[in-house]
Amino acid sequence: CIEGYYRDPTVTDETKCLRCPDNAYCAGDSIPGTTLLPVPLEGFWSNRSDLALVHYIHACPRGDEVCIGGLANASDTAVEAQEVVALEACWLPENLTSDACTGDEILCSTGALGPLCGAV
């Protein structure tokens, strides 16, 4: 898949590239042989409990300070200009629910826990 698309993780017998959801970044095949899952931008969140849910990107009702997104930008330039996926391994389909990637710190600021970074 090219940048702006991601490989459907629920289809295993063929490669099916889907358009990246709004308010997310999709790196395409940045890691040979696989495609990272959609990475929510700052101010957005996704449910990482199941592969079938990760493409639903939700606005964070508590704002950018709480929902930090899954990108680490080296500067304050536009997202399109410089996108580096934070904890890249956590956006691989096979690592989605691994112990190292299940914590809320993947998408939420320190102390903001739970669904939608503490909104519930």
Side-chain angles (χ1 to χ4, degrees):
C1 300
I2 62 172
E3 186 175 14
Y5 289 81
Y6 71 101
R7 194 172 303 203
D8 186 342
T10 63
V11 177
T12 57
D13 58 342
E14 65 178 317
T15 298
K16 183 177 181 183
C17 297
L18 302 174
R19 184 182 303 274
C20 194
D22 290 340
N23 304 307
Y25 171 68
C26 295
D29 291 334
S30 59
I31 297 175
T34 190
T35 303
L36 298 178
L37 297 168
V39 180
L41 300 178
E42 185 177 16
F44 294 89
W45 178 90
S46 66
N47 185 337
R48 294 175 46 82
S49 67
D50 189 299
L51 284 174
L53 301 175
V54 296
H55 68 281
Y56 295 109
I57 307 297
H58 309 280
C60 182
R62 295 183 63 197
D64 296 357
E65 299 80 30
V66 174
C67 290
I68 58 174
L71 300 176
N73 291 308
S75 69
D76 291 333
T77 58
V79 172
E80 293 81 20
Q82 190 170 28
E83 291 167 320
V84 178
V85 177
L87 299 171
E88 190 171 82
C90 291
W91 298 99
L92 292 170
E94 62 270 20
N95 294 341
L96 183 71
T97 57
S98 73
D99 289 343
C101 298
T102 56
D104 290 314
E105 65 274 4
I106 300 297
L107 292 174
C108 307
S109 61
T110 303
L113 306 174
L116 295 177
C117 300
V120 176

Where do Glu3 and Tyr25 come nearest, in terms of heavy atoms and distance? OE2-OH, 3.0 Å

Check against side chain to side chain contact (heavy atoms under 4.5 Å, CB included), Leu37 and Leu51: CA-CA 9 Å; Leu37 297 168; Leu51 284 174; 4.1 Å; yes

Closest non-hydrogen atom pair, Ser46 against Val54: CB-O, 3.7 Å

Over 60° means perpendicular and under 30° means parallel, so tell me whether Tyr6 and His55 are parallel, tilted or perpendicular. parallel

It should be assessed whether the SG atoms of Cys20 and Cys26 lie less than 2.5 angstrom apart. yes

